[in-house]
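Structure record follows, encoded as structure tokens.
Start at 1 with the first residue, then count along the sequence. Model, not experiment: these values are computed from the prediction.
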Amino acid sequence: MATPLRVRRQLPTSPWLFAAPGLLITGAFVLYPFVSTLANSFTDRRTLLPGRFVGLANFRELLHDDMFWTGLRNSVLYVLVVVPALVVLPLLLALLVRRNIPGITFFRSAFYTPVVASIVVVGLIWVWLLDDRGLVNSVLETVGIGRIGFLSDQWLLLLSAMAVTVWKGLGYYMVIYLAALANVPRELHEAAAVDGAGPVRRFLSVTVPAVRSTMVLVAALSSVAAFKVFSEVYLMAGPSGGPAGEDTTLVMLVQRTGTGLTGRVGYASALSVVVFAVTVALMLLVLRADRREEA
């Protein structure tokens, strides 16, 4: 006769034991830094000094800091240029590479390669290409156009950094769109073709509405990443933020202000709080625009 199985009574704390490692990591590396940064933003703390409570003095100082407004301007411009490009271009790229033709796997891998490449390596490659003595300027000088100051002009440097961000993010968002396009019923395209719709009309009337939720997701992700940009501008403009610091972004200003032996941790924390608030506002604007369009 088979021995009956004994069912052990589950303790109420058992689920928490499984979740404990993840909760500890989240608390140590996400919640604690967030609360600490928020608390430091109301103090005049420095790297080697604990600081004292100063209320809203750091935030009032931001309003009179020219570098803060420069960083905010550059970060907002980054969002306005990069986000539309990363919403539209990866979708068009996904439409091209989703076709099953010979050699398409090579192109899919080639487009995705920048995503897995180190941002430091990518930044250095583009610096070597766009330098005054780099490959691009050498070619331009050979054909008689002359050298262009991609890394010495304020606006060209910022546009060059934007181009690197778009180039590196194309493959990542392309994969997201490929997953969304796989769920679009082929019958919709066939019905539109029967009605006489051309490729452009089918793209606007069938493809775009079918992947609209994915476009909102891409817009939200790219908005946050673009506003918090650091590596591309830092590598191409240098620690000073380009000529006279005119290409400094908000995150670069946080790094420059809060590091070093004399770093103003309290002021840098106030800058970080502003970056967090604007980032959340961007995501809410994208979601609200999506809901308004659905309504």
Can you find a pair of side-chain heavy atoms, one from Val208 and one from Met215, that are under 4.5 Å apart? yes

One should read off an interatomic distance between Arg108 CZ and Leu96 CG, to the nearest 0.5 angstrom, of 11.0 Å

Does atom CG of Leu17 have more than 12 heavy-atom neighbours from other groups under 6.0 Å away? yes

Contacts of Asp65 meeting side-chain contact (heavy atoms from CB on, under 4.5 Å) (sequence neighbours excluded), chain-then-number -> Met67, Phe68, Tyr267

Connected via hydrophobic side-chain network under 4.5 Å: Val286 and Val83: no

Could you give all pairs that pass the side chain to side chain donor-acceptor pair (under 3.5 Å) test and reach residues 164-183, with sequence neighbours left out? Tyr78-Thr165, Thr165-Glu232

Heavy-atom count around Arg73 CZ within 6.0 Å, excluding the residue itself: above 12? yes

CD/Glu246 to CG/Asp66 distance, rounded to the nearest 0.5 angstrom? 9.5 Å

Quick one, Val164 and Met236 - any side-chain contact, counting heavy atoms below 4.5 Å? yes

If we count only N and O atoms by modelled type, under 3.5 Å, do the side chains of Thr248 and Arg256 hold a donor and an acceptor together? yes

Student check: side-chain heavy atoms of Val211 and Leu91 closer than 4.5 Å: yes

Nearest-0.5 Å distance that lies between atom CG in Leu157 and atom CE in Met162: 10.5 Å

Here the gap from Leu92 atom CG to Met174 atom CE, rounded to the nearest 0.5 Å, amounts to 12.5 Å

Where does the angle between the aromatic ring planes of Phe111 and Phe107 fall among parallel (under 30°), tilted (30 to 60°) and perpendicular (over 60°)? tilted

Between Glu141 and Arg133, is there a salt bridge with N-O shorter than 4.0 Å? no

Please examine the side chains of Lys228 and Thr249, heavy atoms only from C-beta on, and report whether any two atoms are closer than 4.5 Å. no

The reported gap from CG in Leu250 to OG1 in Thr257 (rounded to nearest 0.5 angstrom) is 10.0 Å

Hey, does Phe42 have a side-chain heavy atom less than 4.5 Å from the side chain of Asn58? no

Applying side chain to side chain contact (heavy atoms under 4.5 Å, CB included), run through Leu204 and Val200 and close with a yes or a no. CA-CA 6 Å; Leu204 296 176; Val200 177; 4.2 Å; yes

